[in-house]
Student: 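The structure follows.
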Amino acid sequence: MLLRVRVTLPDRPGTLGQVARTLGVSGADIVQVVVLERLGGRAVDDFTVVWPGAARVEGLLAGLAAIPGVRVDGVWRAIGAPTTTGQDAELLAQVAANPTDGVATLVDAVPGLLAADWAVAAVVPVDWASRAGGGTATVGHASWRAPEPPRLPEVTPLRARTLTMADGTHYAIAPFGRAGLVLVVARDHTEPLTAAGFHATEVDRLAQLVRASAVILGDRLDLVGPRPVTTVT
């Protein structure tokens, strides 16, 4: 299976090599490395690896934790192939080519781009700011892996951000800036794996995709129909 492994490590020569060797010794075949952050002598890296289905991850976690200065932020199952340069542009081209299904196209594709489990285009009342609690969220479109009914966090106020709920589910939220429409992406907590929360660069990427899609789709966003949804409290 395909796993995403996120580690925080010292940004100095040799440490990345130690992490890569440990992954290899543990049985992981590295297919991609993405640097999410370099700041203050530390780096946050995402490794996408092919992992033997029968192997346990405890040995991998122990090996990584034994490297001085290395912290494992999360290990979780990735959906689809590793992301490559140009996928965001290709997705926006698909949205533009078939704007009638543009929101559905975006919602269905985003989980694969962000190594998430599912996504939902949620709708809140346009007058949410004047309502107690911001108004009840409804669902315009849900990706194929979304639970039924999807359980959403409080999506207001409408700004790009990340949330983690008490059950361990991580959410990234990005508003379209029109019609009370918000894209919500989720990583579920599934034992024995523990997904990392959405990094700021991932939230920025999601927000850029949503803003660009909003420009492409324009008035069509007003046609996204709601259906009831359970809100996480």
Student: List the residues meeting side-chain contact (heavy atoms from CB on, under 4.5 Å) with Arg178, not counting sequence neighbours, and say none if there are none.
Tutor: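 By the side-chain contact (heavy atoms from CB on, under 4.5 Å) rule, Arg178 matches Asp219, Leu221, Asp222.
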
Student: Closest approach of Ala116 and Ala186, non-hydrogen atoms and distance?
Tutor: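 Closest approach of Ala116 to Ala186, heavy atoms only: CB-O, 3.3 Å.
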
Student: When hydrophobic residues are tied together by side-chain contacts of less than 4.5 Å, even through go-betweens, does Leu16 share a cluster with Leu39?
Tutor: no

Student: Evaluate the side-chain proximity of His189 to Thr194: yes if any heavy-atom separation is below 4.5 Å, no if none is.
Tutor: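 In contact.
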
Student: Examine distances only and state if a side-chain atom of Arg6 and a backbone atom of Val44 form a donor-acceptor pair shorter than 3.5 Å.
Tutor: no

Student: Under the side-chain contact (heavy atoms from CB on, under 4.5 Å) rule, collect the residues that match up with Leu64, sequence neighbours excluded.
Tutor: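 Counting only residues at least two positions away or on another chain, Leu64 forms a side-chain contact (heavy atoms from CB on, under 4.5 Å) with Val5, Val7, Val19, Thr22, Leu23, Leu60, Ile67, Val72.
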
Student: Mind jotting down which residue pairs meet the salt bridge (Lys or Arg N to Asp or Glu O under 4.0 Å) criterion with at least one end in residues 89-116? Sequence neighbours excluded, please.
Tutor: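 Passing the test, one end in residues 89-116: no pairs.
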
Student: Might you point out which heavy atoms bring Ala174 and Ala207 nearest each other, and give the distance in Å?
Tutor: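 In this case the closest contact between Ala174 and Ala207 is CB-CA, 3.9 Å.
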
Student: Is any side-chain heavy atom of Asp88 less than 4.5 Å from a side-chain heavy atom of Arg205?
Tutor: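 Asp88 vs Arg205: side chains touch.
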
Student: Would you find a donor on one side and an acceptor on the other, under 3.5 Å apart, between the side chain of Arg187 and the backbone of Gly197?
Tutor: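 Such a contact is found between Arg187 side chain and Gly197 backbone.
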
Student: Mind checking what makes side-chain hydrogen bond (donor to acceptor under 3.5 Å, both in side chains) contact with Asp73, not counting sequence neighbours?
Tutor: Thr8, Arg71

Student: Which heavy atom in Pro153 sits nearest to a heavy atom in Met165, and how many Å separate them?
Tutor: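 The pair with the smallest heavy-atom distance is CB-SD, 3.9 Å.
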
Student: Rounded to the nearest 0.5 Å, what separation is found between the OH atom of Tyr171 and the OG1 atom of Thr164?
Tutor: 10.0 Å

Student: Hey, quick one: are Ile30 and Leu9 part of the same hydrophobic cluster, counting side-chain heavy atoms closer than 4.5 Å, chains of contacts allowed?
Tutor: yes

Student: Please check: side-chain N/O of Arg159 versus main-chain N/O of Pro157, any donor-acceptor pairing under 3.5 Å?
Tutor: no

Student: Please find the pair of heavy atoms, one from Gly59 and one from Ser26, that lie closest to each other, and give the distance.
Tutor: O-OG, 4.4 Å

Student: May I ask you to test the Leu2-Val50 pair for a side-chain heavy-atom distance under 4.5 Å?
Tutor: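 They are in contact (side-chain heavy atoms under 4.5 Å apart), so the answer is yes.
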
Student: According to side-chain hydrogen bond (donor to acceptor under 3.5 Å, both in side chains), who are the partners of Glu37, at least two apart in sequence or on a separate chain?
Tutor: His199

Student: Can you confirm whether Leu106 sits close enough to Phe176 that some side-chain heavy atom of one is under 4.5 Å from a side-chain heavy atom of the other?
Tutor: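 Touching, per the 4.5 Å side-chain cut-off.
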
Student: Looking at Trp118, is its backbone amide N or carbonyl O close enough to the side chain of Ser143 to form a donor-acceptor pair, meaning the two atoms are under 3.5 Å apart?
Tutor: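 Not at all, since once roles are kept as given, no pair shorter than 3.5 Å links the two residues.
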
Student: Between atom CD1 of Ile173 and atom CG of Leu183, what is the distance when rounded to the nearest 0.5 Å?
Tutor: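 These two atoms lie 10.0 Å from each other.
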
Student: Do you know which two heavy atoms are closest between Ala146 and Ala119, and how far apart they sit?
Tutor: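 Minimum heavy-atom separation between Ala146 and Ala119: CB-O, 4.4 Å.
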
Student: For the pair Leu206 and Phe198, evaluate side-chain contact (heavy atoms from CB on, under 4.5 Å) and give the outcome as yes or no after the intermediate values.
Tutor: CA-CA 10 Å; Leu206 178 65; Phe198 290 92; over 6 Å; no

Student: Spell out, as yes or no, whether a donor-acceptor pair under 3.5 Å connects the side chain of His141 to the backbone of Val103.
Tutor: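 Flag not set: sc His141 to bb Val103 has no pair under 3.5 Å.
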
Student: Enter the distance from Leu3:CG to Phe47:CZ here, rounded to the nearest 0.5 Å.
Tutor: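 One gets 13.5 Å once the value is rounded to the nearest 0.5 Å.
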
Student: To the nearest 0.5 Å, what is the distance between CG (Asp45) and OG1 (Thr15)?
Tutor: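 Asp45 CG to Thr15 OG1: 10.5 Å, rounded to 0.5 Å.
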
Student: List in chain and number order the residues that pass side-chain contact (heavy atoms from CB on, under 4.5 Å) with Ala122, two or more places apart in sequence or in another chain; answer none if no residue qualifies.
Tutor: Val120, Leu152, Val184

Student: Of all the heavy-atom pairs spanning Gln94 and Thr105, show the shortest one and how long it is.
Tutor: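 Minimum heavy-atom separation between Gln94 and Thr105: OE1-CG2, 4.0 Å.
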
Student: How far does CG of Asp29 sit from OG1 of Thr48, to the nearest 0.5 angstrom?
Tutor: 11.5 Å

Student: Among all residues two or more places apart in sequence or in another chain, which pass the side-chain hydrogen bond (donor to acceptor under 3.5 Å, both in side chains) test with Asp117?
Tutor: none

Student: Not counting sequence neighbours, which residues clear side-chain contact (heavy atoms from CB on, under 4.5 Å) with Pro99? List them please.
Tutor: Leu217, Arg220

Student: According to side-chain hydrogen bond (donor to acceptor under 3.5 Å, both in side chains), who are the partners of Trp76, at least two apart in sequence or on a separate chain?
Tutor: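 Per chain and number, Trp76 pairs via side-chain hydrogen bond (donor to acceptor under 3.5 Å, both in side chains) with no residue.
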
Student: Holding to salt bridge (charged side-chain N to carboxylate O under 4.0 Å, His left out), I want the full list of residues that pass it with Arg12, two or more places apart in sequence or in another chain.
Tutor: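 None.
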
Student: Can you measure from CG (Leu36) to CD (Glu202) and round to the nearest 0.5 angstrom?
Tutor: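 Answer rounded to 0.5 Å: 5.5 Å.
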
Student: Same hydrophobic cluster for Val25 and Val49, using side-chain heavy-atom links shorter than 4.5 Å among ILVMFWY?
Tutor: no

Student: Any luck finding a side-chain donor-acceptor pair between Thr169 and Asp167 under 3.5 Å?
Tutor: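 There is such a pair (donor and acceptor under 3.5 Å, judged by atom type) between the side chains of Thr169 and Asp167.
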
